[in-house]
Amino acid sequence: VPGYGDSPPVEMALTAQGRRAFLERVLQELGMQRPVLISPSMSGRFALPFLLAHGDRLAGFVPIAPVGTKDFTAEQYRAVQTPTLILYGDRDTGLAPQALQNLQHLPKHRVAVLSGAGHACYLDKPEDFHRALLGFLRQLK
């Protein structure tokens, strides 16, 4: 995620509109047509604005306890028709419950909870993570 960790700061990352435009540019440069967007943790600051503005450009959305879910209203989430797999570890007692509370307003969602996994559930329980993800991907059109 630009501006985090060891990555250089990016001016576009300062606003939700800029982060949405940045992600839009990345997908355009990669030539991706209706990808499934997987959004763990801090990437939510980029993925959520994109989802709400351009959810129709995604085949699916997989939020994994993303940051920033409280920045949007239930009505905004209800307008999104993107199939969504809300995925988190049951030991993530910080971000996951808040994310679930907000993301459950997405009309085409289902939830997968990884038992014994924390915030980085894909690292804690990779087999369970891949099983849930592949199951979701198989049911997409």
Side-chain angles (χ1 to χ4, degrees), residues 1-7 9-141:
V1 176
Y4 296 97
D6 294 329
S7 66
V10 175
E11 288 300 314
M12 289 179 88
L14 295 176
T15 66
Q17 184 177 350
R19 291 187 295 270
R20 183 191 78 222
F22 177 82
L23 183 54
E24 192 172 353
R25 179 84 183 269
V26 168
L27 296 177
Q28 183 180 352
E29 290 291 322
L30 293 173
M32 303 192 84
Q33 301 295 320
R34 292 188 41 81
V36 173
L37 184 58
I38 300 174
S39 177
S41 198
M42 291 303 291
S43 69
R45 293 263 183 233
F46 291 78
L48 292 168
F50 185 87
L51 174 74
L52 276 93
H54 304 300
D56 58 323
R57 296 187 194 173
L58 299 173
F61 180 57
V62 183
I64 306 167
V67 167
T69 60
K70 67 183 184 305
D71 296 345
F72 305 99
T73 66
E75 290 73 31
Q76 286 176 293
Y77 286 119
R78 286 188 197 109
V80 175
Q81 294 301 309
T82 308
T84 300
L85 175 64
I86 300 169
L87 189 55
Y88 64 94
D90 67 355
R91 291 191 180 164
D92 183 355
T93 57
L95 209 46
Q98 180 187 86
L100 177 62
Q101 182 180 354
N102 294 304
L103 294 172
Q104 68 186 353
H105 296 291
L106 292 165
K108 294 186 176 181
H109 82 272
R110 64 187 222 196
V111 178
V113 183
L114 303 187
S115 182
H119 184 61
C121 62
Y122 41 87
L123 296 177
D124 294 343
K125 298 286 184 170
E127 294 86 5
D128 295 342
F129 171 79
H130 287 107
R131 193 174 304 112
L133 179 60
L134 290 172
F136 174 70
L137 295 176
R138 282 188 199 104
Q139 60 121 36
L140 294 176
K141 292 176 184 174

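- Counting heavy atoms from C-beta on, the side chains of T69 and Y77 come closer than 4.5 Å.
- What you find for A117 and K125 is that their closest heavy atoms are CB-CG, 3.7 Å.
- Within the structure, side chain to side chain donor-acceptor pair (under 3.5 Å) contacts touching residues 84-98 (residues at least two apart or in different chains) are D92-H119.
- Residues L103 and P66 have side chains in contact (heavy-atom distance under 4.5 Å, counting atoms from C-beta outward).
- A donor-acceptor distance shorter than 3.5 angstrom exists from the side chain of T82 to the backbone of G55, with no hydrogens or angles considered.
- Remark: L48 CG to L52 CG distance equals 7.0 Å, nearest 0.5 Å.
- The two atoms that bring A96 and G89 nearest to each other are CB-O, 4.5 Å, heavy atoms only.
- Counting heavy atoms from C-beta on, the side chains of L114 and D124 never come closer than 4.5 Å.
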How far apart are the C-alpha atoms of L95 and I64, what are their side-chain angles, what is the distance that settles it, and do they pass the side-chain contact (heavy atoms from CB on, under 4.5 Å) test? CA-CA 9 Å; L95 209 46; I64 306 167; over 6 Å; no
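- Between atom CD of residue Q139 and atom CG of residue L134 there is a gap of 12.0 Å, rounded to the nearest 0.5 Å.
- Taken to the nearest 0.5 Å, the CZ atom of F136 stands 9.0 Å off from the CD1 atom of I38.
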Derivation of the side-chain contact (heavy atoms from CB on, under 4.5 Å) call for V111 and L100: CA-CA 9 Å; V111 178; L100 177 62; 3.9 Å; yes
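- Side chains of V36 and L58 form no contact here, defined as non-hydrogen atoms less than 4.5 Å apart.
- The CG atom of L106 sits 6.0 Å away from the CD1 atom of I86 when rounded to the nearest 0.5 Å.
- Within the model, atoms CG of L87 and OG of S39 stand 11.5 Å from one another, a figure rounded to the nearest 0.5 Å.
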Let's go through E29 and R25 carefully: what are the C-alpha distance in whole Å and the side-chain angles of both, what is the deciding distance for salt bridge (Lys or Arg N to Asp or Glu O under 4.0 Å) to 0.1 Å, and is it a yes or a no? CA-CA 6 Å; E29 290 291 322; R25 179 84 183 269; 3.3 Å; yes
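- Taking OG of S43 as the reference point, atom CG of L37 lies at 7.0 Å (rounded to 0.5 Å).
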Test log, rule side-chain contact (heavy atoms from CB on, under 4.5 Å), inputs R57 and R34: CA-CA 5 Å; R57 296 187 194 173; R34 292 188 41 81; 5.6 Å; no
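- Considering every non-hydrogen atom in both D128 and R131, the closest pair reads OD1-NH1, 2.8 Å.
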Is there a side-chain contact (heavy atoms from CB on, under 4.5 Å) between E24 and F50? Walk through the geometry before answering. CA-CA 7 Å; E24 192 172 353; F50 185 87; 4.0 Å; yes
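- Closest heavy-atom contact between H54 and R20: NE2-NE, 3.8 Å.
- Here the closest heavy-atom approach between residue P49 and residue A16 is recorded as CB-O, 3.7 Å.
- The heavy-atom pair separating A99 from A65 by the smallest distance is CB-CA, 4.1 Å.
- Looking only at side-chain heavy atoms (C-beta outward), P35 and L27 come within less than 4.5 Å of each other.
- Between D71 and R45 there is a salt bridge, with a side-chain nitrogen of the basic residue lying less than 4.0 Å from a carboxylate oxygen of the acidic one.
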